[in-house]
> 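I have a structure here, written as structure tokens, and I will follow up with some questions on it.
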Amino acid sequence: MSVLKTVEIFAGLSDTELTALEESSIRRSYPKNTVIINENDVADSLYVIESGKVKVYCSDKNGKEFIMNTLGGGDYFGELALLDDDRRSASVRTMEKADFCIIYKQDFSRVLDEHPNIAKTLIRNITRRVRALTEKVKSLALQDVYGRVTKVLNSLATERNEEFYVEEKLTQQDIADRVGASREMVARILKDLTIGGYISFENRHIVIHRRLPANY
């Protein structure tokens, strides 16, 4: 099955339309720690992750990174490049070896000439994604640091033997970069949650033993 069939923004397309997109795409593989796109690059392609992981981040003038998201197999980035002529709004770097299905704007435009319904479906699905991102920004703006930290932990955790396990190995700095806080503040929050018996660490993975408190 084509990886495009599992991509959220292509939900609702027919098999014929998906096949046309598949035939217009190319495959690329990149090793760990490779910058795939840079913030402010000319946007000209959509990337769908077939395997591996990447981080999406922004940097300030001093080089400090703010991690916006981590993505894995079946996720995608760069979708707005198919619809406008703007520049990249963030950078993307591989966290491990990763394989991609890439659709370039010029190839996408040729497919649209034959399958105009794709554009309508894409716009509808991207609108849903923008609304979800708006909620995420609202959360960052309105929650305190503790709330943002617990939100990150809960969003990354999966259930395992009546507990919740964060598969990704996160350092204190990783979490701080995601929530826009200092490493020291994050360290204090994690220490207090550990002392309270809410979390523990297992080979650099965070295990959540019970529901995290709503307030710090």
> Taking atom CG of Leu46 and atom CD1 of Ile9, what is their separation to the nearest 0.5 Å?
5.0 Å
> What distance separates Met95 CE from Thr70 OG1, expressed to the nearest 0.5 Å?
6.0 Å
> Does anything in residues 9-24 form a salt bridge (charged side-chain N to carboxylate O under 4.0 Å, His left out)? List the pairs, not counting sequence neighbours.
Lys5-Asp15, Glu22-Arg27
> Determine the sole option in Asn125, Val3, Leu21 for which the side chain to side chain contact (heavy atoms under 4.5 Å, CB included) test with Phe10 is passed.
Leu21
> Please name all residues satisfying side-chain hydrogen bond (donor to acceptor under 3.5 Å, both in side chains) with Arg87, sequence neighbours left out, ordered by chain then number.
none
> At what distance, to the nearest 0.5 angstrom, does CZ of Arg178 lie from CG of Asn69?
7.5 Å
> Excluding sequence neighbours, so at least two apart, what forms salt bridge (charged side-chain N to carboxylate O under 4.0 Å, His left out) with Glu39?
none
> Partners of Glu79 by salt bridge (charged side-chain N to carboxylate O under 4.0 Å, His left out), sequence neighbours excluded?
Arg129
> Could you give the distance from CG (Leu4) to CD (Glu50), rounded to the nearest 0.5 Å?
8.0 Å
> Indicate yes or no: at least one non-hydrogen side-chain atom of Val92 is less than 4.5 angstrom from one of Tyr47.
no
> Could you please spell out the steps behind the side-chain contact (heavy atoms from CB on, under 4.5 Å) verdict for Phe164 and Leu153?
CA-CA 9 Å; Phe164 288 87; Leu153 296 183; over 6 Å; no
> So do Val54 and Asp75 actually touch side chain to side chain, heavy atoms under 4.5 Å?
no
> Please identify each residue that fulfils side chain to side chain contact (heavy atoms under 4.5 Å, CB included) with Asp177, with sequence neighbours left out.
Lys64, Ile67, Gln173
> Residues two or more places apart in sequence or in another chain: which of them pass side-chain hydrogen bond (donor to acceptor under 3.5 Å, both in side chains) with Tyr57?
Arg93
> Among all residues two or more places apart in sequence or in another chain, which pass the salt bridge (charged side-chain N to carboxylate O under 4.0 Å, His left out) test with Asp84?
none
> Identify every side-chain donor-acceptor pair in residues 186-202 under 3.5 Å, counting partners at least two apart or on other chains, and give the distances.
residue: Asp192; atom: OD2; partner: Tyr216; partner atom: OH; Å: 2.4
residue: Thr194; atom: OG1; partner: Leu190; partner atom: O; Å: 2.8
residue: Ser200; atom: OG; partner: His209; partner atom: NE2; Å: 2.6
residue: Glu202; atom: OE1; partner: Arg160; partner atom: NH2; Å: 3.3
residue: Glu202; atom: OE2; partner: Arg160; partner atom: NH1; Å: 3.3

> When rounded to the nearest 0.5 angstrom, what distance separates OH in Tyr76 from CD in Glu8?
4.0 Å
> Taking salt bridge (charged side-chain N to carboxylate O under 4.0 Å, His left out) as the cut-off, I'd like each qualifying pair that reaches into residues 99-112, sequence neighbours left out, listed once.
Asp85-Lys105, Lys97-Asp99, Asp107-Arg110
> Among all residues two or more places apart in sequence or in another chain, which pass the side chain to side chain contact (heavy atoms under 4.5 Å, CB included) test with Lys169?
Arg204, His205
> Who passes salt bridge (charged side-chain N to carboxylate O under 4.0 Å, His left out) against Glu167, sequence neighbours left out?
none
> Taking only residues two or more places apart in sequence, or in another chain, which ones meet Lys53 in a side-chain hydrogen bond (donor to acceptor under 3.5 Å, both in side chains)?
none
> Which of parallel (below 30°), tilted (30 to 60°) and perpendicular (above 60°) describes Phe100 and Phe77?
perpendicular
> If you round to the nearest 0.5 Å, how far is CG of Leu80 from CD1 of Ile126?
5.5 Å
